[in-house]
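A quick write-up on the structure given underneath.
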Amino acid sequence: MVLVGVSLIVFSLIHLVRGDPVRLALGTRYSQETYDALRHRNGLDLPLVQQYVTWVGRALTGDLGVSFRSGGTVTSLIGERLPATLTLAFAAVFLALLIAVPLGTVSALRPRSFIDRFATVISQIGISVPDFWLAIVLILVFAGTLGWLPTGGYVPLTEDPLGWLERLVLPAVATGVVSGSVLTRFVRSSVLEAMGSDHVRTAQAKGLPERQVFTWHVLRNALLPLVTVTGVQLAYLLSGVVVVEIVFSWPGLGQLALQAVRSRDYPVLQGAILLFALVFLVINLLVDLLYSRIDPRIRR
Amino acid sequence: MTAVPTPGGTPAAPTPGSPIVTRPVRPRWRETLGLLARDPTAAIAAVVLLAIIVVAIFDTAFASQGPNEQDIANRLQSPSWSHPFGTDDLGRDILARVILGASVSLKVGFLSVGLALVVGTLVGLLAGFYGRWVDDVLMRIMDMLFAFPAVLLAIAILAIRGPGTSNTVIAIAVVYVPIFARVTRASVLGVREEVYVRASRSVGASDLRLLTRHVLPNAAPPIIVQTSISLAFAVLAEAALSFLGLGTQPPNPSWGLMLAEGNEFINRAWWLAFFPGIAIVVTVLCFNLLGDGLRDVLDPRQRTLMAGGGR
């Protein structure tokens, strides 16, 4: 149901543009044949309802039309860019968890301590920092002043593993900090809640060693909901990397989408947005399924 | 406990340190402000925000040089007494531009969140109050909008409508309408069956009166909290969109646009991109802190959730 709505919204995108999208994209110099061919290939010469049906039918088989600019298929354009965006998003989530789990746990175990206050302040600032500004500052410091890391670009892992890692660090930090902050706060409150719960008090009353209570009763229960929140963060990251990709000239989907906007390449934009929305929906669905598997209380 | 009426008919004043209210209370402005003032972080955040807003309103009074006034002889000057934030590649004063940028960024923020607040609250109110098919139809539409990642949706809207300030307002508003609708609906569902609502209905109050006199005021706290937090994200979103060249157009400065301009000179003049970024961080941080403070005061149930049972 939501999928149909999403496809309708994405489909209508090209029709809400004022004027003829093909004409706008081609500019002033083009032959009538190119114009007709492009219109025909993207199904724009059909009546509206038929257009939608054709478009959805083709999209289901993986055909998202042809770029107005390069003439290549949208699917292959997206396919080229997808690995870079996925790499960045997963690296950022990994980094975020790496910060959030220890920091959140420690600050929950020692509420109001120095480290707790420090974590609270840092995560509060982390949520408020624009990721692309952080990206600029990181480039300025680590690529400019210190000269430790390259300013941007992307090389595939298979060609140059070290260069891949070098180029991944700064973008991953810039995108991961916001998620890291959100997750730190979440881990903190989640661990606190678990520690205040009845079963933990029972375990303590039974005289179990603190360490055992902590790993088996506190952490296990506190980190369960983290799966959901991490999944949601991943979904946000996949779309949130758009601006950071621009700063680091990272050849991902965000850059593709923005180029498509600038050059009025609507089929590419439609394809990119449809894909993002699909990924968003699928991740949310997976998170729900995963959660009901690991938390028996949800299963009925 | 029945309150003993004191002479003169005024009810007994609550004893200091009276029990913590455990459900959203109807906002009473003086009380809210009083409680908020006792939370130093939120109070400071509110004062800083107020200062930023005042500076943004009287923008020209705070700058020695016009924000678009060029002075090529003094281009790319590092921060000094005459130009505390330095100058850019056209010799324009960065401080003056950051101040004007405040009015642009805040204007977009307030307008877009205001628009989203009005539309979203209305949708959530109707969906939550009437339920059934009204709820189904409205919330399914909201789900569809919600299925798009925020930045992408805004970019798509700007791609259709063209770049510019007013279209940025619309784009950000569309992104936030479903959020306000969801928050409002959830809150309305919580108060819809309260005794005072049913009592009012049973004495023949109209739907309009029920909604405006009973449901909305009691459902308001989470919406107010959401407004403050949304303002933070709206300022961020405006910055991101302007940074991409889709929001505010030159020569007018918005913080995001200044960051984009500064990014080109990043290796020669760090101050171009540094100060607008700091302005964004401070503003967003204050809206977030104020939002947290408001939540503590208006919606204590959330606080106990956040603090994990008050341990």
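Everything quoted here is computed from the prediction, not taken from an experiment. To find a chain, count down the sequence lines: A is the first, B the second, and so on, and within it residues start at 1.
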Are any of the side-chain heavy atoms of [X] and [Y] separated by less than 4.5 Å?
X: B:Leu236; Y: A:Trp133; value: no
X: B:Val284; Y: A:Pro130; value: no
X: B:Phe243; Y: A:Val247; value: yes

Starting at CG of B:Leu289, measure out to OG of A:Ser128 and round the result to the nearest 0.5 Å.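 The OG atom of A:Ser128 is 6.5 Å from CG of B:Leu289, to the nearest 0.5 Å.
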Spatial distance of atom CD1 (B:Ile155) from atom CD1 (A:Ile273) [nearest 0.5 Å]: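 B:Ile155 CD1 to A:Ile273 CD1: 7.5 Å, rounded to 0.5 Å.
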Let me know if A:Leu134 has heavy atoms under 4.5 Å from chain B in its side chain, its backbone, both or neither.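 For A:Leu134, neither part sits under 4.5 Å from chain B.
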Does any heavy atom of chain B fall under 4.5 Å from the side chain of A:Ile125, the backbone, both, or neither of them?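 Contact with chain B involves both backbone and side-chain atoms of A:Ile125.
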Engaged part of B:Leu246 at the chain A interface, taking heavy atoms whose separation is under 4.5 Å: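 Contact with chain A is through the side chain of B:Leu246 alone.
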With chain A as the partner, which of B:Pro276, B:Ala239, B:Cys286, B:Gly245 has the greatest number of non-hydrogen pairs under 4.5 Å?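 When all of B:Pro276, B:Ala239, B:Cys286, B:Gly245 are compared, B:Ala239 has the most.
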